[in-house]
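To start, the structure itself, in structure tokens.
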Amino acid sequence: MIALLTECLLEPIGSGIGNPATGKLGGNMDYKVFLGYSKKPADVSQEIQQAAAVINKSGFAEAKTWEANPATGRIIVETVLKDIDDSTICLFDVTTLSENVLFEVGYAFSQRKHIVLSVCKSSEAMHAWRAFDLFSTIGCIFYETGNELAYKFMTGIEEASDRTLWDDVSQALDRTVRNSIFYVPTYHTSEAERNLRRMVGKERDLGTKVTIADPAEHGSASLAWYVNAVYSSAATLLQMSGERHDRNLLHNARSAFIAGLARGLERPLLVVVEDDYRGPVDYKDILYTYNSKKRLAEKLSQWREQAFRAWNQEESAEVHPAPKIELATELKDLKFGDYVAENESDTLDEYFVETAEYEAVLNESSVVFVGRKGMGKSANMIRASQVLRDDKRNLVCVVRPTNYDLDGLVSVLQSLGGDGNQSFLVESFWRFLLYSEISLEAVAAADRLPAGIGNGTPLARLRDYLTQNDIAEEFSVRLERVIESVRRDMKGTARTIEQQRERIAQALHGNVVGNLRKLLGEALRDRHRVALLVDNLDSAWTKSAQLQSQAVLLVGLLSTVSRIAEEFQRENNKLRSVNVTVSVFLRSDIYDEVIKEAREPDKVNTKRIDWNQPELLKRVMDERYLSVRPKGTSPDELWEQYFCSDIDGKPTLDYILSTILHRPRDLVFFCKEAVFSAANARHLTVEESDVKEAKKKYSKFALDALLVEYGSTMSHLEEVVYEFAGCPSIMPKSEIMEVIQSISGLTDEGWASQCLEGLLKISFLGIEVRGGDFAYPDRADDLRKAKILARNTSRRTKREERYEFHPAFRDFLEIEDLPL
């Protein structure tokens, strides 16, 4: 069984110590236990009240429930937090993942309280606890009755150490960034979420340090990561999810904990909710309900200014000194940075690993860069934009839509008759958006110069034209306006193809593109290069019957990329030539679907990003290590002095690389967790036990990232992967199919076969291509070759095709390693 679900008594989280005979904590203070829990379901709350009665009757401690001190005339949360402050130990029941309770856990944790968590055993509660994962590697009391809870609680206190959870997690806190925001968005897309992301994006563009806990990247981030993110930021911005959205329980539970943590650390906190949010009453007074984009922008601006002002005043006054860092000397300098490039844009230049793909971005050509999430697409884009901007002769336009109404445009595409009209709309759509993006950036770049834009200049004429034609909003807003304009103008009576195209062109601002081309030629004639970098287009790629139309939309972008570059190369008596390059960064699985729709796929200039060379992947950690070490330090010092030499007979680095998916994100996450585990255990270096503990945490991280990344495009993915829990690491095809077909909705052999192929594409499974040699193909052509090799191997060996679970997922799913 998974360790998290073990029914025996586990060591409570940071439980207090003392002499049980005297009931003294540290020998000089009575135990005061605060019990926090949800009032519903009633049978669970009654068991907890029974536990409180048993603890009080035993004389072991003074136990007080939150209901024992009603908040007459006061905000409920203030009374509860006061009771937590007065306690020495806090017992929180998280059976229902109550937001109230998780908020209190976060606050108690920040106040260095000894914390014990409990879960009333049921299949539903156990599943929710396992899925929550924020405390997945920390002990918890599982009970059925109040008497059992009380006994396990008191026994656990006797056996626990004197360290709190805060003592463990605070080992690597770093409070160095003044004007910074920690933002936690939701799993789903909504108007409020889109607007928040846009506003946060603007803050980042203006120089604010922003750390985003994107669910697609940080769904299984460790507790230490979240604590450091709140601690090191001047303010915390959270968005709660409404009941109608998927995964709202897990997201809101995590966000409630973070909110309590921010409250306890005295960080300015803004919690944004929508009208349909039905959250707990305890802290409803600290929520801000989203009503309109304008009001949200005003609220966010006011809150940010107050937060930064308070932070800077506190820093200058040194009111709250940072906690003492107790890392072993040998480990304290191992700062590897964040494993998400977007959160490291200000320091990426210190340890960026230059690859052939990166050089291709810098070269003056238009390219589509393809790779799986975590491969470094965004890192390449961010670093390339920085280097290109260093040359003042260049103009760099970065297009990163936070989200957009892709389905809206898809519905317009589907309403048109014939591929010709669809292609015309898509090309017109992208040309307008990208031309206007270059124009807006050209004007903005000139405005930033001390001299500004002179009257009567080509840039002034371009600026005036944009204003006259109402082209001033950011990319995402313009995109949505275009969609609505096309949808509105296409309504009405049936039209001929020529009439439809005329209406489409009119909806896209008539001859605006042609006029922009002329104005840009004059305004940018002295620019050495105009580099357009497009990223994040996969954010709206969703599972639906519209995938083909979505693919048509994106393949239209790929086709437009080369055409735009060609259009700007033309020069005549009316047009000036401009050196424009367009680089698009796209997820590989989406690209494989999109390219099927391309009429001439061989003409799409594509570069694949991969890290199959171990030495290249090793450089990711080497460069991060060297960035904080004296000049002349050998990169091998990291592995020779700070990590144990070998694990299970393998050099430590080889052991790690044999476990993880070969992506920079995964390697950084693994190594950070290993160092944290070593610091927590007071080890002088990273030992074998620390690496294996990191392996457990990484396995959950990898699986969660897989579910978030592909869960929207692969039916029943979560059900399928969990169904393989406890299986052997190598299985024949018939047994794999049997497991898949046990899932409702996949009983048909055809659907099951599609699911199996999908598991291969995402590297959850590998396929045996030679005796004992398994391949994990992540691109369509490699998969075709692997399947042929597997069939041939099966014929030669006269046995079924065999599949292997990737080592990255085995630990969490308790998949048993078998010899080949």
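Count residues from 1 along the sequence. As a basis for the values below, the full set of heavy atoms in this structure was taken, side chains included, without hydrogen atoms, waters or symmetry mates. Model, not experiment: these values are computed from the prediction.
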- Message: Between L532 and T581, does the side-chain contact (heavy atoms from CB on, under 4.5 Å) criterion hold? Intermediate values first, please.
- Response: CA-CA 6 Å; L532 187 61; T581 63; over 6 Å; no
Taking atom [atom1] of [X] and atom [atom2] of [Y], what is their separation to the nearest 0.5 Å?
X: L554; Y: I590; atom1: CG; atom2: CD1; answer: 7.0 Å
X: L270; Y: Y288; atom1: CG; atom2: OH; answer: 8.5 Å
X: I181; Y: T236; atom1: CD1; atom2: OG1; answer: 9.5 Å
X: R624; Y: Y351; atom1: CZ; atom2: OH; answer: 4.5 Å
X: S301; Y: L296; atom1: OG; atom2: CG; answer: 11.0 Å
X: R463; Y: Q468; atom1: CZ; atom2: CD; answer: 10.5 Å

- Query: Is the NZ or CZ atom of R587 both under 6.0 Å from the centre of the six-membered ring of Y710 and within 45° of that ring's axis?
  - Reply: yes
Any side-chain heavy atom of [X] within less than 4.5 Å of one from [Y]?
X: K518; Y: N515; result: no
X: R529; Y: L388; result: yes
X: V534; Y: F585; result: no
X: L524; Y: F568; result: no
X: L238; Y: V272; result: no
X: N579; Y: V530; result: no
X: D447; Y: I453; result: yes
X: L519; Y: Y435; result: no

Using every non-hydrogen atom in the two residues, find where [X] and [Y] come nearest and quote the distance to one decimal.
X: R517; Y: E567; value: NE-O, 3.2 Å
X: N394; Y: R527; value: O-NH1, 2.8 Å
X: A360; Y: K607; value: CB-CE, 4.1 Å
X: V398; Y: E437; value: O-OE2, 4.0 Å
X: V210; Y: I212; value: CG1-CG1, 3.6 Å
X: S233; Y: A229; value: OG-O, 2.7 Å

- Message: If we check side chain to side chain contact (heavy atoms under 4.5 Å, CB included) with S385, which of these qualifies: D390, D535, L533, V361?
- Response: L533
- Task: Take T355 and W611 through the side-chain contact (heavy atoms from CB on, under 4.5 Å) test and state the conclusion after the steps.
- Result: CA-CA 10 Å; T355 62; W611 295 83; 3.9 Å; yes
- Query: With a 4.0 Å cut-off, would you call R663 and D666 a salt bridge?
  - Reply: yes
- Message: What I want to find out is whether D391 reaches R393 closely enough, with some N-O distance under 4.0 Å, to be called a salt bridge.
- Response: yes
- Check the pair E357, D610 against side-chain contact (heavy atoms from CB on, under 4.5 Å), reporting the backbone distance first and the verdict last. CA-CA 9 Å; E357 291 77 21; D610 65 59; 5.5 Å; no
- S577 side chain to R570 main-chain N or O, any donor-acceptor pair under 3.5 Å? no
- Item | R304 side-chain N/O to A235 backbone N/O, donor-acceptor pair under 3.5 Å | no
- Heavy-atom count around Q569 CD within 6.0 Å, excluding the residue itself: above 12? yes
- Message: Around atom CZ of R295, are there more than 12 heavy atoms from other residues, nucleotides or ligands closer than 6.0 Å?
- Response: no
- Message: Evaluate L462 against L520 for side-chain contact (heavy atoms from CB on, under 4.5 Å), listing each step before the verdict.
- Response: CA-CA 7 Å; L462 177 61; L520 283 169; 3.8 Å; yes
- Step by step, would you call Q386 with R383 a side chain to side chain donor-acceptor pair (under 3.5 Å)? CA-CA 5 Å; Q386 293 170 341; R383 183 59 186 144; 3.1 Å; yes
- Are the ring centres of Y591 and F369 closer than 6.0 Å? no
